[in-house]
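Read through the structure below, which is laid out as structure tokens, and then see the notes.
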Amino acid sequence: MPGLEPTLPEAKVRVRFAPSPTGYPHLGNIRTALFNWLFARHNGGTFILRIEDTDVARTVQGATEAIMDGLRWLGLDWNEGPYFQSQRLDSYRRMADQLVREDKAYLCYCSPQRLEGMRQEQMKRKQPPGYDRQCRNLTSKEKAEMEVHCITPVVRFKSPTEGQTSFHDLLRGNIVFENSTLDDFILLKSDGYPTYHLANIVDDHLMEITHVLRADEWLSSTPRHVLLYQALGWQPPQLAHLPMILGPDKAKLSKRHGAAAITEYRDQGYLPEGLFNFLALLGWSLDDKTELLSKQEIVKHFSLERISTTAAVFNREKLDWMNGVYIRGLSMEEFCRRSLPFLEKDLPTEVKRPLDADYLRRIMPLVQGRAKTLAEVPQLTEFFFVDNMEYDASLLSGKLGREEMLKALQISLAKLEALSNWNTASLESILRPLAEELELKTGVFFGLLRVAVTGRTASPPLFETMEVLGKERCMARLKLAVDKL
RNA sequence: GGCGCAUUCGUCUAGGGGUUUAGGACGCCGCCCUCUCAAGGCGGAGAUCACGGGUUCGAAUCCCGUAUGCGCUACCA
């Protein structure tokens, strides 16, 4: 990417993930966390978790837990925190006071109603909305009058009205803003809580953050942050604004796009290692062909230089594919272990719990290559467990007439009855010649047996399936098929 | 409306002036394998590199403009 600073910071890398608990974390949030984590791990730095809970009204119950659950699930372990901004109010108030004392900020008594009215008016006149600075130069007499009316003021920053503010973005190069487009933004709200702008700067400084990697949506407010750093006499950290992740409609990812919360991906049967790999590739790439990378490889190769500047549309089909790759790569033991919760939860209630572990171990190899998510496993294996087969008799009669089917089924029944050694090889050695004897194509004959034995037209290979099901169950099901005809 | 950022196949991306008839992946289509479904193998369609001007012997790559998209424009983060 253009304009990357060649200078590596001598100080140890310290980065943070600073979500607000105003909702459950979605892929976009988590991708930001992931890049911060990767940057920290690649550089042997520190990854800090900081909860920005300064919006009391919008705080969502359980969001903080969901954030930590999501991070833990993906293996994004943090070295410090979680810090809570709500427990650090003193620091912000102290800094706000200092700025007021130094005449770099001021008390504003304007009511929300007045501000709203002003905004409406500005919009109507197609003027840029922004605070009109009415309280910026209040006389002490005017202030006293306001105090009498018991209006709790907010603290606003005195933005410069002319000149420019610029900064260097690690990904995008130099960015310049006209100060005239900035208004006097609020630092401290009337409830005593800081706004994002203040709390963010104070904490990043106090926590000695060296690099701020955050979503692109913050780019526009960065000049405010730079100005604040200057006002406080602090050195700003290095900045990099990451490309956003968009929904299929190309809008900023939000709850509206469904299943956005990271924990839902877990519940939908995605593997954390698969999602990790997939997310890493949303905005970062190793080269022109490598897509499947382990966590260690990604950590090893991760670099800011290879982060793209373009927003990425989240592509679920590709995630599904990649998740399938990771499922197939699981050891049988792991696959069983991870599928178990899904089976316990989604198999019909009539199936006895706990599930028979030995039986399960024989079933699972037959579906591992066929599942894109763990959540599909119960669906894929259901016919192994249920006793009464419910399927439409029309599935049996593919290309065959009733008489032909009956004949095929009955001869099969007779031959299989005599089979003592019930396994894949012996089943095949009997049934394959039988197809010829019946003058049926294998596809047709095996298809008939498949429906009879599994109740469906698509299943794992027939003989292996029959072996696992066992003689008793297969015989019963074949007889049932005869009855159905 | 103002400001900012971005713009390579439908999607994720490679590419950093000549190595490009623009490479890979998902998805899609076809063939092979095959008892079905997957998986796998092979192949195909799919991008006038948003558009218009420059700069240059040469531009997807550098510059400018336009368009489009997105973001910000709250006592939200």
Side-chain angles (χ1 to χ4, degrees), chain A residues 1-2 18-23 52-55 57-58 108 110-112 115-116 119 122-123 125-131 152-156 169 171-172 175-178 180-183 185-191 193 195-197 199-200 215-223 241 243-244 246 248 250-252 278 281-292 306 308-322 324-325 328 367-372 380 398 428 431-432 435 441-451 454 456-463:
Chain A
M1 287 300 62
S20 77
T22 50
E52 310 224 326
D53 53 347
T54 54
D55 188 340
R58 291 200 319 149
C108 167
C110 294
S111 69
L115 295 174
E116 185 50 36
R119 205 170 7 252
Q122 288 165 331
M123 299 281 253
R125 284 200 299 231
K126 305 225 170 191
Q127 285 174 338
Y131 180 55
T152 326
V154 300
V155 176
R156 283 186 187 271
D169 184 280
L171 264 26
R172 296 162 207 274
I175 297 172
V176 184
F177 286 80
E178 291 294 332
S180 59
T181 63
L182 269 26
D183 73 345
F185 57 97
I186 292 175
L187 297 173
L188 213 55
K189 300 183 263 187
S190 56
D191 64 1
Y193 278 73
T195 58
Y196 170 85
H197 306 300
N200 189 258
D216 202 11
E217 56 190 315
W218 295 108
L219 197 55
S220 300
S221 33
T222 304
H241 289 90
M244 304 233 289
L246 276 22
K250 304 211 172 194
K252 180 172 157 181
F278 178 79
L281 258 23
L282 232 43
W284 176 84
S285 63
L286 173 63
D287 56 26
D288 58 341
K289 36 186 65 101
T290 315
E291 304 235 83
L292 267 7
R306 296 204 60 87
S308 132
T309 50
T310 318
V313 174
F314 166 55
N315 179 196
R316 202 198 186 95
E317 269 100 57
K318 189 159 182 176
L319 204 213
D320 283 347
W321 162 77
M322 192 171 277
V325 172
R328 276 173 251 133
V367 297
Q368 186 176 20
R370 294 174 167 73
K372 280 187 156 56
L380 252 19
E428 178 154 19
L431 294 174
R432 200 172 282 281
K441 288 169 79 171
T442 51
V444 174
F445 179 47
F446 296 162
L448 172 67
L449 295 178
R450 165 174 290 107
V451 173
T454 68
R456 45 181 87 172
T457 54
S459 81
L462 182 62
F463 310 125

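Labels below follow one simple rule: chain letters A, B, ... track the order of the sequence lines, proteins then strands, and each chain is numbered from 1.
R450(A) places its CZ atom 10 Å from the P atom of C35(B), with the value rounded to the nearest Å. For the pair R432(A) CZ and C35(B) C1', the computed distance is 7 Å after rounding to whole Å. The distance between atom CH2 of W284(A) and atom C1' of C12(B), rounded to the nearest whole Å, is 14 Å. Taking atom NZ on K126(A) and atom P on C3(B), their separation rounds to 15 Å, with Å as the unit. Computed from coordinates, the L281(A) CG to U11(B) C1' distance equals 13 Å when rounded to whole Å. Rounded to whole Å, the distance from CD on E428(A) to C1' on U34(B) is 11 Å. Rounded to whole angstrom, the span from the CG atom of L286(A) across to the C1' atom of A25(B) amounts to 14 Å. Look at CZ on F177(A): it is 7 Å from C1' on C3(B), rounded to the nearest Å.
Nucleotide C37(B) forms a pair with no other nucleotide shown, judged by Watson-Crick or G-U wobble geometry with both contacts under 3.5 Å. C62(B) is paired with G54(B) under the criterion used here, namely a Watson-Crick or G-U wobble arrangement in which both key atom distances are under 3.5 Å. Of the nucleotides present, C29(B) is the one that pairs with G43(B) by Watson-Crick or G-U wobble criteria, both distances under 3.5 Å. Across the strands present, C49(B) finds no partner; the criterion is a Watson-Crick or G-U wobble pair with both atom distances under 3.5 angstrom. With both pairing distances under 3.5 Å, A6(B) is matched to U68(B) as a Watson-Crick or G-U wobble pair.
Listed by chain and number, the residues in a salt bridge (Lys or Arg N to Asp or Glu O under 4.0 Å) with E178(A) amount to none (sequence neighbours excluded). Evaluation of the salt bridge (Lys or Arg N to Asp or Glu O under 4.0 Å) rule for R328(A) yields no partner, not counting sequence neighbours. With sequence neighbours excluded, the residues forming a salt bridge (Lys or Arg N to Asp or Glu O under 4.0 Å) with D183(A) are R224(A), listed by chain and number. Shown here are the salt bridge (Lys or Arg N to Asp or Glu O under 4.0 Å) partners of K372(A), two or more places apart in sequence or in another chain: there are none. The side chain to side chain contact (heavy atoms under 4.5 Å, CB included) check on A199(A) picks up T54(A), Q85(A), Y92(A), P194(A), with sequence neighbours excluded. Residues passing the side chain to side chain contact (heavy atoms under 4.5 Å, CB included) test with P153(A), sequence neighbours excluded: L107(A), Y109(A). Y131(A) pairs by the side-chain hydrogen bond (donor to acceptor under 3.5 Å, both in side chains) definition with nothing, not counting sequence neighbours. Taking the side chain to side chain contact (heavy atoms under 4.5 Å, CB included) definition, one finds that Q368(A) meets it with I327(A), L330(A), M332(A), F335(A), sequence neighbours left out. Taking the side chain to side chain contact (heavy atoms under 4.5 Å, CB included) definition, one finds that D287(A) meets it with K289(A), T290(A), sequence neighbours left out.
Rounded to whole Å, the P atom of A14(B) lies 10 Å from the corresponding atom of U7(B). Atom C1' of G18(B) sits at a distance of 10 Å from the matching atom of A59(B), rounded to the whole Å. Taking atom C1' on both nucleotides, U20(B) is separated from U48(B) by 15 Å, rounded to a whole Å. Comparing the P positions of C9(B) and G24(B) gives a spacing of 16 Å, expressed to the nearest Å. Rounded to whole Å, the separation between the P atoms of U66(B) and C5(B) comes to 14 Å. For the C1' atoms, the distance linking G23(B) with G16(B) amounts to 16 Å, nearest Å. On the P atoms, A77(B) is 38 Å away from C62(B), given to the nearest whole Å. With C1' as the reference atom, A45(B) and G10(B) are 13 Å apart, rounded to whole Å.
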### Query
Along nucleotides 37-49 of chain B, 5' to 3', which nucleotides get a B, which get an S, and which get a -, given that the test is a protein heavy-atom distance under 4.0 Å?
BBSS---------

### Task
Mark up nucleotides 70-77 of chain B, 5' to 3', with B wherever a protein heavy atom is under 4.0 angstrom from a base atom, S wherever such an atom reaches only the sugar-phosphate, and - elsewhere.
SBSSSBBB

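Within 4.0 Å of G324(A), counting heavy atoms only, lies no atom of the nucleic acid at all. Here I175(A) lies in heavy-atom contact (under 4.0 Å) with sugar-phosphate atoms only.
I186(A) is not listed as a side-chain neighbour of H197(A), based on a closest heavy-atom distance of 4.5 Å or more.
In this structure, CD on Q122(A) lies 9.5 Å from CG on L115(A), to the nearest 0.5 angstrom. Here the CG atom belonging to L281(A) is positioned 5.5 Å from the CE atom belonging to M322(A), to the nearest 0.5 angstrom.
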### Task
Please test T195(A) against K189(A) for side-chain contact (heavy atoms from CB on, under 4.5 Å), starting from the C-alpha separation and ending with a verdict.
CA-CA 7 Å; T195(A) 58; K189(A) 300 183 263 187; 3.9 Å; yes

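In this structure, W218(A) and Y196(A) have parallel ring planes: the angle between them is below the 30° cut-off, well short of the 60° mark.
Contact annotation: R306(A) side-chain N/O to G15(B) OP1/OP2 distance is under 4.0 Å.
Distances from the side chain of R172(A) to the nucleotides C35(B), C12(B), C5(B) place C5(B) closest.
Residue whose closest nucleotide on RNA chain B sits further toward the 5' end, between F446(A) and V176(A): V176(A).
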Please tabulate the protein-to-nucleotide N/O contacts below 3.5 Å involving nucleotides 18-24 of chain B, giving atom names and distances.
unit_1 : atom_1 : unit_2  : atom_2 : d
G23(B) : N2     : D288(A) : O      : 3.0

